[in-house]
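Proteins get letters first, then strands, A, B, ... in listed order; numbering begins at 1 in each.
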Number of protein chains: 2
Amino acid sequence: MTSGARGALTREAVLDAAAALVKRHGPDALTMRGLAAALGTAVTSIYWHVGGREALLDALVERTMAELGEIRPSGRTPEQRVVGVARDLRRQLRDHPHLVALVHERGLTERMFLPAQRVLVREAHAAGLRGARAAEFVRAVQFQVVGHVLVERNRERAPVQRPGEEELWSAETAGDDPALARALARPVDTERLFLTAVRALVRALLPAGRPLPARASGPVG
Amino acid sequence: MTSGARGALTREAVLDAAAALVKRHGPDALTMRGLAAALGTAVTSIYWHVGGREALLDALVERTMAELGEIRPSGRTPEQRVVGVARDLRRQLRDHPHLVALVHERGLTERMFLPAQRVLVREAHAAGLRGARAAEFVRAVQFQVVGHVLVERNRERAPVQRPGEEELWSAETAGDDPALARALARPVDTERLFLTAVRALVRALLPAGRPLPARASGPVG
DNA sequence: ACCTGAACACCGTTCAAGT
DNA sequence: ACCTGAACACCGTTCAAGT
């Protein structure tokens, strides 16, 4: 109904319709029967073109991931570039909120982080980090970014916190600090929180920022 | 069948059986019909005692949360105590892996972190942090701990990574650093990673560690 | 090669009916 | 107050049958 049923059914057309459904109502709203209705075909045709629901969602993840623009580091110091990469990745994921849910459900956070991983390895090398140290750095940034995005998404779809109860909590936990109680009641500035955490991590793991003379490490590509 | 059908059906008995099912096969395996079968009653009895599936899962989360031991800070400096609190919370959540999944599904990470929040506020005050600064600190630790646990759980239930592909990735991303490629192929030392990240955060946000003379801040309890 | 309807084995939930 | 079976409105998937 939504998408024109012009011509033969294509794998592409199925994925398009599926993506539209997910975009509008979230992954849970994507049912094989509903998708078939949107396409104007029989449910079983979907199975012929893309396979079952699992395969469909896998394909959707892969497609959305390919649509994400590549991440290019910018900035003077390795620290600036790494923080920039983290921020860009977070922005990309924020722009595709359902992708995060899909990826989490399917245990693909590793896959999601792969493009950024390449870039971070280069930055680690440029900063003079190699081997196990470089790996630890990359992993730490991965956990940081992905973890933050997961928490952020989670809070967004949290049930409407009953304000009365929240007030109570704040008063109870804030212990003689009304300014803190107020701050805890306010919505979180997630962007700021994110940058704070990433910067702290990068500063702790990256060697002190010498401006690196010309080209610090070996051939890169 | 599993749990004895002795006496009248109780809300407690229903929750017990539900908890057992979730513990053994995960939250997805908890179906109203399956639960009724395990209890040896009609499905509809469950509705009378605890309400629908949503209410059941909510009750389960609340119950499991109450079972978690309270978190007590230990250590000399505020930094040590905060890191300890974070580590304890992570351990608790690791010991109840399905709780994390349930909490994430239902958008209750805020609720899950509440007990630790109280403790962290006290530590922030003890370290001389008040008002908005203290709130930011608490929030940062919250995102850090919860985020890490979410990523950790996600990776655990990730599909078996085809080793060939992973090898390729490593070789591709490692760029002239075989030790890094090997490190990336090895399983992550999540405990170490966690402590590294938390320590970096705490050091960045907590005022420099003076040993605090006797009692630094106002009345607390 | 592509598409179909019917059927199977599930779900959560409601409701009128029992005791 | 407590428990029941039947029924409703959904699911994903398979399969034999069509063209």
Side-chain angles (χ1 to χ4, degrees), chain A residues 1-22 24-62 98 101-102 105-108 157 159, chain B residues 1-22 24-62 98 101-102 105-108 157 159:
Chain A
M1 190 184 271
T2 304
S3 77
R6 296 269 160 277
L9 190 58
T10 319
R11 179 187 158 90
E12 280 305 302
V14 174
L15 291 182
D16 285 346
L21 277 181
V22 168
R24 227 179 317 181
H25 305 105
D28 290 344
L30 180 66
T31 69
M32 301 301 275
R33 291 173 138 96
L35 180 55
L39 285 164
T41 44
V43 210
T44 40
S45 297
I46 299 171
Y47 284 80
W48 200 92
H49 282 286
V50 304
R53 202 181 118 95
E54 294 287 280
L56 209 179
L57 291 176
D58 279 339
L60 225 47
V61 166
E62 215 54 44
H98 297 310
L102 280 180
E105 269 170 30
R106 344 208 86 239
L108 293 175
R157 60 173 180 156
Chain B
M1 188 182 270
T2 303
S3 78
R6 296 269 161 276
L9 191 58
T10 320
R11 179 186 158 89
E12 282 305 302
V14 174
L15 291 183
D16 285 345
L21 277 181
V22 167
R24 224 177 321 180
H25 306 103
D28 290 346
L30 180 67
T31 71
M32 301 302 274
R33 291 175 139 95
L35 179 56
L39 285 163
T41 44
V43 210
T44 41
S45 297
I46 300 172
Y47 284 81
W48 199 91
H49 282 285
V50 304
R53 202 181 119 95
E54 294 287 280
L56 209 178
L57 291 177
D58 279 338
L60 225 48
V61 166
E62 216 55 44
H98 297 311
L102 280 181
E105 268 170 30
R106 344 208 86 238
L108 293 175
R157 58 170 183 159

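Nearest-nucleotide mapping onto DNA chain C: of A/Ala42 and B/Thr31, the residue sitting toward the 5' end is A/Ala42.
Base pairing of D/dC15: its partner is C/dG5, meeting the Watson-Crick or G-U wobble criterion (both donor-acceptor distances under 3.5 Å).
When the C1' atom of C/dC11 is taken as reference, atom CZ of A/Arg53 falls 13 Å away, rounded to whole Å. Rounded to whole Å, the distance from CH2 on B/Trp48 to P on C/dC15 is 17 Å. Spacing between atom CG of B/Asp58 and atom P of C/dG12 amounts to 15 Å, rounded to whole angstrom units. Protein atom CG of B/Asp28 is 12 Å distant from nucleotide atom P of C/dC11, rounded to whole Å. Rounded to an integer number of Å, the gap from B/Arg33 CZ to D/dG5 P is 12 Å. For the pair B/Leu35 CG and D/dC3 P, the computed distance is 14 Å after rounding to whole Å. Taking atom CD1 of A/Ile46 as the reference point, atom C1' of C/dG5 lies 15 Å away to the nearest angstrom. In this structure, B/Leu39 places its CG atom 16 Å from P of D/dC2, rounding to the nearest Å.
Considering only side-chain N and O atoms, A/Thr44 lies nowhere under 4.0 angstrom from the phosphate OP1 or OP2 of D/dC15. Of the side-chain N and O atoms in A/His49, none sit less than 4.0 angstrom from OP1 or OP2 of C/dA1. Of the side-chain N and O atoms in A/Ser45, none sit less than 4.0 angstrom from OP1 or OP2 of C/dC2.
Looking at B/His49, its side chain does come within 3.5 Å of a backbone N or O of B/Leu9 through a donor-acceptor pair.
In this structure, A/Leu15 and A/Thr10 have side chains that are not in contact, with every pair of non-hydrogen atoms separated by 4.5 Å or more. Within the 4.5 Å cutoff, no side-chain heavy atoms of A/Val61 are placed close to those of A/Leu57.
Partner of B/Val22 under the side-chain contact (heavy atoms from CB on, under 4.5 Å) criterion, chosen from B/Leu56, B/Leu30, B/Leu35: B/Leu30.
If you take CZ on A/Arg24 and NE2 on A/His98, they are separated by 11.0 Å, rounding to the nearest 0.5 Å.
For the P atoms, the distance linking D/dA9 with C/dA9 amounts to 22 Å, nearest Å.
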